[in-house]
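This chain uses plain numbering: 1 for the first residue, then up along the sequence.
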Amino acid sequence: MTLLALRGISRVTAAATGLLLVYSVVYAMEGMTTRIPMSPLRELGITTLWMLPWTMLFCSGLDDFGAVTRQGWVFWAGVTLALAFLYYFERNTSSSIFTKIAMPLLATVVGLMPHLIRRIRFLFTVFSFAAGVAGLVVFYLALTSHLSGSSFATKAIASVVFTFATASLIAGVLSVASLKRRHIEPA
């Protein structure tokens, strides 16, 4: 149960800090003077795919919280908060109105699928493992950058980057450990 709670905390932390980093890049690029024109449907597809790993990571962590507490409302309350989080940040982008309305809902619904369809629950482990690999890469790049004398723009950005890397690495390791533990235990 402790492993499950720790895995849930690390998944939600990795998803939240990852979303903060993703939206900081989006906001930084909003100041560009040129925007590549694209159809609203293509924009919706690209932004949904861009947000899908984070919503999948959020939902997997919330699924762990629901299993630890044995209360279904914990999962659904967390999903509602994640959806509100996406709508809050998406409102400040220059995306089309169609994308601003549909993307958070679509990404969250797709992120819910492994919770609703038990046969594809392995996707939670796959996305957690991928986050662990991403965390390892980000941690390596951030640490080598920091040790070479380069610094981040602010200490807040540095703390978000290192929190993301650490939480993602922990989520990946705990997901693989729980998968390995399930295969070792007798049926």
Side-chain angles (χ1 to χ4, degrees), residues 1-32 46-65 67-68 78-79 81-86 88-90 92-95 103-104 107-108 110-111 114 121-184:
M1 215 38 105
T2 305
L3 178 70
L4 201 59
L6 186 59
R7 187 176 71 186
I9 291 168
S10 63
R11 284 175 169 178
V12 169
T13 303
T17 55
L19 275 171
L20 289 174
L21 290 172
V22 166
Y23 274 112
S24 68
V25 169
V26 169
Y27 291 154
M29 293 180 73
E30 291 290 329
M32 295 174 57
I46 289 171
T47 57
T48 301
L49 287 175
W50 184 248
M51 290 299 154
L52 184 61
W54 310 112
T55 58
M56 189 72 74
L57 207 53
F58 250 124
C59 290
S60 65
L62 296 169
D63 191 54
D64 289 343
F65 289 154
V68 167
V79 168
L81 288 174
L83 186 60
F85 189 64
L86 284 175
Y88 176 75
F89 281 112
E90 190 62 27
N92 293 316
T93 66
S94 64
S95 300
M103 184 280 295
T108 304
V110 174
R121 287 182 66 80
F122 70 91
L123 288 176
F124 282 160
T125 303
V126 169
F127 277 92
S128 293
F129 179 74
V133 171
L136 186 63
V137 169
V138 168
F139 193 69
Y140 172 76
L141 293 173
L143 197 57
T144 56
S145 174
H146 182 68
L147 293 176
S148 71
S150 298
S151 64
F152 293 95
T154 64
K155 289 184 182 192
I157 291 174
S159 66
V160 171
V161 167
F162 281 109
T163 302
F164 166 74
T166 305
S168 296
L169 196 55
I170 291 169
V173 167
L174 292 177
S175 293
V176 170
S178 67
L179 184 65
K180 192 174 182 179
R181 194 170 140 206
R182 266 188 263 156
H183 288 300
I184 292 174

If you round to the nearest 0.5 Å, how far is CZ of Phe58 from OG1 of Thr13? 9.0 Å
pair Arg7-Ser178: side-chain heavy atoms closer than 4.5 Å: yes
How close do Arg121 and Pro114 get, heavy atom to heavy atom, and via which atoms? CG-O, 3.2 Å
Calculate, to the nearest 0.5 Å, the distance between atoms OG and CG belonging to Ser10 and Leu57 respectively. 8.0 Å
Ser168 side chain to Ala165 backbone, donor-acceptor under 3.5 Å: no
Is there side-chain contact between Thr55 and Leu52, with heavy atoms separated by less than 4.5 Å? yes
Heavy-atom pair of closest approach, residues Ser145 and Ser148: O-OG, 2.9 Å
In Å and rounded to the nearest 0.5 Å, what is the CG to CZ distance from Asp63 to Arg11? 8.0 Å
Is Leu86 close to Leu19 at the side-chain level, that is, under 4.5 Å between some pair of heavy atoms? yes
Around atom CZ of Phe129, are there more than 12 heavy atoms of other residues, nucleotides or ligands at under 6.0 Å? no
Nearest-0.5 Å distance, SG of residue Cys59 to CZ of residue Phe65: 12.5 Å
Looking at OG of Ser175 and CZ of Phe124, how far apart are the two atoms once the value is rounded to the nearest 0.5 Å? 10.5 Å
Specify the closest pair of heavy atoms between Val12 and Leu62, including all atoms of both residues, with the distance to one decimal. CG2-N, 4.0 Å
Can you tell if the side chain of Phe85 reaches within under 4.5 Å of the side chain of Leu20, non-hydrogen atoms only? yes
d(Phe164 CZ, Leu169 CG) to nearest 0.5 Å is 10.0 Å
Any idea how Phe89 and Tyr23 line up, ring-wise: parallel (<30°), tilted (30 to 60°), or perpendicular (>60°)? parallel
Taking every non-hydrogen atom, the tightest pair across Leu49 and Pro53: O-CD, 3.3 Å
Does some side-chain heavy atom of Val126 sit less than 4.5 Å from a side-chain heavy atom of Met56? no
